[in-house]
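Report on the following structure.
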Amino acid sequence: MRLFNTLTSKKEEFKPLDGKMVRVYVCGMTVQDSPHMGHLRVFTVFDFLYRFFHIIGWDVKAVQNFTDIDDKIIQRSKEEGVDWRELADRYEYEYREIAKRMNFLPIFHPRATQHIQEIIEMIEKILENGYAYVKDGNVWFSVKRYSEKYGYGVLSKMSLDDMLAGARIEPDPTKEDPLDFALWKAKKEGEPYWPSPWGEGRPGWHIECSAMSSKHLGLPFDIHGGGRDLIFPHHEDEIAQTKGATGKEFARFWIHVGLLTTEGEKMSKSLKNYFLAKEALQDFSPNVIRLMLLYGHYRSDLEFYPDKLVEFSKAFSKLNEKLSHIHGDIDDKLKSELLDILKDDLNTPEFFANVFKLAESERKDTLYTLKYILTNLGFKFDEDTKEDVVLKRLLDLREAARKERNYELADKIREILRMARVEIMDTPKGTKYRIF
RNA sequence: GGUGGCGUAGCCAAGCGGUCUAAGGCGGCGGUUUGCAAAACCGCUAUUCCGGGGUUCGAAUCCCCGCGCCACCUCCA
């Protein structure tokens with residue numbers, strides 16, 4: 001298949017290094033708050049990618065970290081008067097619940113603080129190789145020294161001068177150069193810390209991903225991904241640290257997911273324009289959320305508004321109506337045509353356009369092929385038509401009223417159900433409903 | 001200021017040199033159906049792709065110049 005590689009800025013032919021098993025590392029949550037739809041988009045895209053790899057015959061070893069120690073967790077723990085570990089546990093649990101609801105494939109989730117040893121070892125190697133220096137219990141990565149050997153900025157395509165030009169923050173006085181970044185931060189009063197050869201302290205932001213990815217996947221591995229906002233500095237620094245420590249190639253392909261926007265602007269906590277994943281899951285099925293998030297191409301920004309979930313509820317209902325009870329044989333030709341679309345840099349918009357067109361077919365094999373592929377890509381049919389006892393009794397009541405021509409009552413029941421976001425359809429085969 | 005990207009119907013969003021008088025979803029309009037509805041089904045809904053030049057037999061797609069927007073350069077998926 002072909003994938004767009006941020007490293008080379010073009011689509012390239014992709015195959016797993018060992019020919020069978022794709023090794024992927026995705027930057028996961030910093031567990032300091034509830035995941036919002038923007039986070040969910042990234043993880044939905046990667047779940048879709050893993051599932052697609054499986055369909056075309058590759059195994060996947062996916063690692064997605066939880067960063068459970070960082071400035072914001074510490075800050076929040078101070079604000080709330082709650083131990084930082086408790087906060088991290090709370091939001092890790094929230095993420096796992098959401099992942100389960102979303103029908104994500106189970107993958108490995110290492111935690112930063114369980115890899116302090118590996119992190120320290122990696123920093124020691126970087127120091128040995130001369131790309132870092134110790135100052136007052138801090139360990140800084142020397143961007144200039146590293147850059148002379150390997151070139152810094154290969155991913156973000158920025159020159160050192162470019163980066164300096166935009167430097168907006170007061171450099172830390174213990175840094176030799178404003179571009180340098182922290183590998184290890186000296187302990188501050190009241191903050192969590194671990195012992196290290198440089199004194200008590202904690203890891204810098206980027207190093208945990210370098211340590212965990214190389215430990216669990218080996219070097220080099222196939223794909224490293226995350227939100228587009230991580231390209232600089234996070235991913236750039238991961239590359240520098242890993243090469244600085246090992247001299248080896250890091251990830252071959254870098255895949256970055258576009259941002260979820262509201263009114264054109266990035267969804268983020270600071271802009272207060274975010275919509276929580278758990279809110280969406282309260283009211284809409286995972287199918288709807290999955291479809292909505294994948295209906296745009298993964299590399300483009302995607303506009304979000306709450307009504308979009310309503311729109312996609314309707315769209316998914318149509319598919320569900322068509323496919324839920326279908327059985328047949330797989331049309332191999334059709335199957336490979338549809339998969340070919342996805343082989344081109346995961347062109348989900350084109351793929352779903354075809355799905356909706358083909359769903360109008362009367363041919364059982366065509367419909368079953370769609371159902372087969374979509375199910376393997378994480379959708380669940382039938383789910384929205386499960387009988388619910390209370391609902392069924394209400395429908396029986398309404399049916400009785402209709403038989404007595406008590407349309408006033410029948411309409412009242414329909415109206416109430418509508419308010420509860422259940423829509424009724426009277427068909428020759430009886431009353432159907434759908435939850436929207 | 002630097003770097004990267006985007007601007008396609010009411011909204012969302014593909015297409016990236018010919019099959020484009022531009023996919024698909026939502027919405028809207030008309031019809032079939034219905035106790036009335038809804039759903040479903042059928043039909044219609046951009047001769048045109050931010051503006052202006054250019055390259056080409058041919059451009060939404062390539063190049064140049066404007067205008068507008070976004071992201072990153074500070075924590076961020």
Side-chain angles (χ1 to χ4, degrees), chain A residues 6 9 26-30 32-33 35-46 64 67 70-73 75 153 155-159 161-170 179 205 225-234 236 256-261 263-271 274 277 291-292 295-297 299-305 307-319 321-322 341 347-360 362 402 405-408 410-411 414-415 417-418 422-428 431-434 436:
Chain A
T6 309
S9 304
V26 177
C27 284
M29 298 291 300
T30 296
Q32 46 130 346
D33 216 331
H36 63 229
M37 295 302 286
H39 301 122
L40 193 60
R41 181 184 188 197
V42 173
F43 306 129
T44 302
V45 165
F46 277 95
Q64 182 185 310
T67 293
D70 96 316
D71 294 353
K72 281 197 169 169
I73 296 177
Q75 191 192 326
L155 191 67
S156 56
K157 315 286 188 291
M158 284 196 286
S159 70
D161 289 343
D162 290 344
M163 294 177 207
L164 265 177
R168 281 187 241 162
I169 205 153
E170 214 38 46
L179 291 178
W205 174 34
R228 208 182 55 211
D229 51 355
L230 291 181
I231 294 174
F232 191 90
H234 187 57
E236 195 69 64
H256 290 102
V257 178
L259 302 172
L260 198 70
T261 60
E263 290 174 19
E265 285 185 316
K266 174 180 173 180
M267 181 176 284
S268 73
K269 235 205 135 192
S270 46
L271 282 171
Y274 61 93
L291 183 64
M292 182 211 77
Y295 212 82
H297 186 87
R299 279 197 284 126
S300 306
D301 287 351
L302 183 67
E303 178 71 6
F304 175 81
Y305 41 87
D307 268 355
K308 203 166 190 181
L309 290 163
V310 177
E311 291 173 13
F312 278 91
S313 274
K314 291 175 185 170
F316 186 79
S317 281
K318 283 185 188 173
L319 277 185
E321 192 85 12
K322 290 278 188 182
I341 295 170
N347 192 343
T348 52
E350 186 77 32
F351 170 77
F352 285 113
N354 280 279
V355 166
F356 277 96
K357 250 190 281 186
L358 290 161
E360 280 163 30
E362 298 298 325
R402 291 180 75 213
R405 303 192 158 264
N406 184 353
Y407 293 123
E408 200 186 328
D411 288 353
R414 182 167 62 195
E415 193 190 318
L417 286 173
R418 206 183 154 72
V422 176
E423 189 154 63
I424 294 180
M425 296 142 275
D426 294 326
T427 75
T431 301
K432 288 186 178 175
Y433 67 89
R434 70 184 185 101
F436 63 95

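Below, all heavy atoms of this structure are taken into account, side chains as well, without hydrogens, waters or symmetry copies. Chain letters run A, B, ... following the sequence lines, proteins first and then strands; every chain starts at 1. As the structure is a prediction and not an experimental result, all values here were calculated from the model.
- Side-chain atoms of A:Lys308 and base atoms of B:C12 include no donor and acceptor less than 3.5 Å apart.
- Between the side chain of A:Asp411 and the base of B:G35 there is at least one donor-acceptor pair of N/O atoms closer than 3.5 Å.
- For B:A71, neither phosphate oxygen OP1 nor OP2 lies less than 4.0 angstrom from any side-chain nitrogen or oxygen of A:Thr261.
- Taking atom P in both B:C64 and B:C6, one finds a spacing of 14 Å when rounded to whole Å.
- Comparing B:C42, B:C72, B:C36 by their nearest atom to the side chain of A:Glu360 picks out B:C42.
- A donor-acceptor pair shorter than 3.5 Å can be found between the side chains of A:Asp162 and A:Ser159.
- Comparing atom distances between the A:Lys318 side chain and each of B:A38, B:A23, B:A40 picks out B:A40 as nearest.
- A:Arg414 contributes a side-chain N or O that forms a donor-acceptor pair with the base of B:A37 under 3.5 Å.
- Distance A:Glu415 CD to B:C36 P: 18 Å, rounded to the nearest Å.
- Using the Watson-Crick or G-U wobble rule with both distances under 3.5 Å, B:A46 pairs with nothing in any strand shown.
- Pairing partner, B:A40: B:U32, with both Watson-Crick or wobble hydrogen-bond distances short of 3.5 Å.
- Figure legend. B:G24 is base-paired to B:C12; pairs are counted as Watson-Crick or G-U wobble with both atom distances under 3.5 Å.
- Separating the P atom of B:C57 from that of B:G15 is a span of 28 Å, rounded to the nearest Å.
- For B:G24, the OP1/OP2 oxygens have no side-chain nitrogen or oxygen of A:Lys314 closer than 4.0 Å.
- Across all strands shown, the partner of B:G4 is B:C70, judged by Watson-Crick or G-U wobble contacts whose two distances both fall under 3.5 Å.
- For the C1' atoms, the distance linking B:C12 with B:G53 amounts to 32 Å, nearest Å.
- Note on A:Gly38: a base of the nucleic acid sits closer than 4.0 angstrom, heavy atoms only.
- When each of B:C41, B:C11, B:A77 is scored by its nearest atom to the side-chain atoms of A:Met267, the top-ranked nucleotide is B:A77.
- Base-pair partner of B:G17: not found among the strands shown (Watson-Crick or G-U wobble, both distances under 3.5 Å).
- Nucleotide B:U61 forms a pair with no other nucleotide shown, judged by Watson-Crick or G-U wobble geometry with both contacts under 3.5 Å.
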